[in-house]
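Note sheet for the following structure.
Every chain is numbered from 1 and lettered A, B, ... according to where its sequence line falls, protein lines coming before strand lines.
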Number of protein chains: 2
Amino acid sequence: MEQPMRRDARRNAERLATAAGQIFRERGLDAPLEEIAKAAGVSAGTLYNRFGGRDALIDAVMPDVVEAKVRAAMVRAEAEADPWDGFVLYVTLLCEMQATDLAMSDAVSRRYADAKRLNEICEAQMDGVRGLIAKAHAAGRLRADFTAEDLPYLLWTTSTVVRATASRAPEAWRRALTFTLDGLRPAAAHPLPAPPLTAEQVHAVMLDLGAKRSGQGR
Amino acid sequence: MEQPMRRDARRNAERLATAAGQIFRERGLDAPLEEIAKAAGVSAGTLYNRFGGRDALIDAVMPDVVEAKVRAAMVRAEAEADPWDGFVLYVTLLCEMQATDLAMSDAVSRRYADAKRLNEICEAQMDGVRGLIAKAHAAGRLRADFTAEDLPYLLWTTSTVVRATASRAPEAWRRALTFTLDGLRPAAAHPLPAPPLTAEQVHAVMLDLGAKRSGQGR
DNA sequence: CCTTAAGTTGACGACCACCTCAACTTACTT
DNA sequence: AAGTAAGTTGAGGTGGTCGTCAACTTAAGG
């Protein structure tokens, strides 16, 4: 039943995937699809035939890369003896990815409604994050009022700073991140003026970010 | 020599300025100019006649508002007895403006190459900021390695979070800001991994932000 | 009034990105 | 070698924004 794809079709699909990987990485997940088609040496129509639109293309190209990178970061973080060091390492590694790969930056800080696989992977990763945070809390090395739902903030903010400063001061984000991390130690804690977002709110905001630009709410 | 404007022309210019104020405030400084023209009840052509383009319109509409608001924030900040409280208040007030007025958010965190008046006002405000920071430093209430060039970070990051969460959790930015402020007390300080941006770098980055979207560098 | 310069209009061309589809080309089967 | 389904193409429709301009309208002075 799985009638095999024609050879040229498969070849083109692979070229498209490769091109998408490159261009997403360089320009983010909002890169023009026609640019990707051109880079793959096919017409835009073919891209829409093989995949079906941006989200499907993203979901075909990104999940493996994202999973591998994010999992590797988690492994390294969990290998740290000190839970705080583990937490810091994890956050720093994620930000490093954002700084060196715009596709990762978008994949981690936005949600594309129809990129199901990608969303599942990101969701799954949250479990690991909760563990990391729980350990740091248990060890009294992370302020008690910091929750897993606060992490997206860090990624959103780094995403901004990184894009703004990428060409002129590629390491600048580390400085901003350090300021914030310094505020996350228990000793630094002062009362917070607002509750954390709920998991649903985080998800909804990420969907907004993923859905085209402009529209600010409604 | 100052041949007075015809009455209808003046009337339209005023309507345009008013409409621009409203729409910039609701949608940010990137709002479609045709939307503004429509709101003013004139055609797009008239807008281009009276002003000359987006930057000129911005420079006609924003400086007074920005100056008043920003100056008021500085006055309140300087009235605080404790220099740290003054610093925190100033930053918080600026972020509040960003949260309630997208035009302020853009005006404060971006630069529009041809909006001369606006840029001068923002530049001038930096002096006050330096004073605020110097006082906090002198009182030992602000970590010594924080510089005036680090402030734009806070505005960039708040700008992002605010836009993302405005509709669903309008106070969420206060939480994120608190984390960072908690990292700016001297006691929280740990070594920074990167030097601050130079004033020129800050300016250049802001210009990039102001110049259309997309283009990542070069 | 009526002239005329100032002002306004709105259609228009340019650009960019999305997505589609009828016509064409190709790979695979027999 | 030919038939045919699968695949590809690229022009073209859509939608949105920018900026322009020839033709029209209007304010204001004589």
Kindly give the atom pairs (protein nitrogen or oxygen, nucleotide nitrogen or oxygen) under 3.5 Å for nucleotides 1-3 of chain C.
none

| query | Could you walk me through whether B:Gln125 and B:Val66 pass the side chain to side chain contact (heavy atoms under 4.5 Å, CB included) check? | reply | CA-CA 10 Å; B:Gln125 189 63 13; B:Val66 171; over 6 Å; no

| Salt bridge A:Arg110-A:Asp30, side-chain N to carboxylate O under 4.0 Å | yes

| field | Test: B:Asp55 and B:Lys116 ion pair at under 4.0 Å | value | no

| request: Residues of residues 7-21 of chain B with any non-hydrogen atom less than 4.0 angstrom from an atom of DNA chain D: list those, numerically ordered, please. | output: B:Arg7, B:Asp8

| On DNA chain D, nearest-nucleotide positions of B:Pro32 versus B:Ala44: which is more 5'? | B:Pro32

| task | Please figure out whether A:Thr46 or B:Leu33 has its closest DNA chain D nucleotide nearer the 5' end. | result | A:Thr46

| message | Holding to side chain to side chain donor-acceptor pair (under 3.5 Å), I want the full list of residues that pass it with B:Glu123, two or more places apart in sequence or in another chain. | response | none

What's the closest nucleotide to the [X] side chain, out of [options]?
X       : options               : value
A:Met5  : D:dT8, D:dG7, D:dC18  : D:dG7
A:Arg6  : C:dT9, D:dT8, D:dA6   : D:dA6
B:Asn49 : C:dC19, D:dG19, C:dT8 : C:dT8

Whole-Å distance separating the [atom1] atom of [X] from the [atom2] atom of [N]:
X       : N      : atom1 : atom2 : answer
B:Leu47 : D:dC18 : CG    : P     : 9 Å
A:Arg27 : C:dC16 : CZ    : C1'   : 13 Å
B:Asp30 : D:dG16 : CG    : P     : 17 Å
B:Tyr48 : D:dA22 : OH    : P     : 18 Å
A:Glu34 : D:dG13 : CD    : P     : 16 Å

| query | Got a donor-acceptor contact below 3.5 angstrom from the A:Arg143 side chain to the A:Gly183 backbone? | reply | yes

| query | Could you state the interatomic distance from CG (A:Leu155) to CG (A:Asp106), rounded to the nearest 0.5 Å? | reply | 12.0 Å

| message | Rounded to the nearest 0.5 Å, what separates atom CG in A:Leu94 from atom OG in A:Ser159? | response | 12.5 Å

| note | The residue, A:Gly52 or A:Glu35, whose nearest nucleotide of DNA chain C is more 5′ is A:Glu35

| Closest approach of A:Phe24 to A:Leu57 (non-hydrogen atoms, all atoms of both residues) | CZ-CD2, 4.0 Å

| query | Shortest non-hydrogen contact from A:Trp156 to A:Ser109? | reply | NE1-O, 3.0 Å

| field | Distance test, side-chain N/O of B:Ser43 to OP1/OP2 of C:dG10, below 4.0 Å | value | no

| said: Any side-chain N or O of A:Arg50 below 4.0 angstrom from OP1/OP2 of D:dT8? | reply: yes

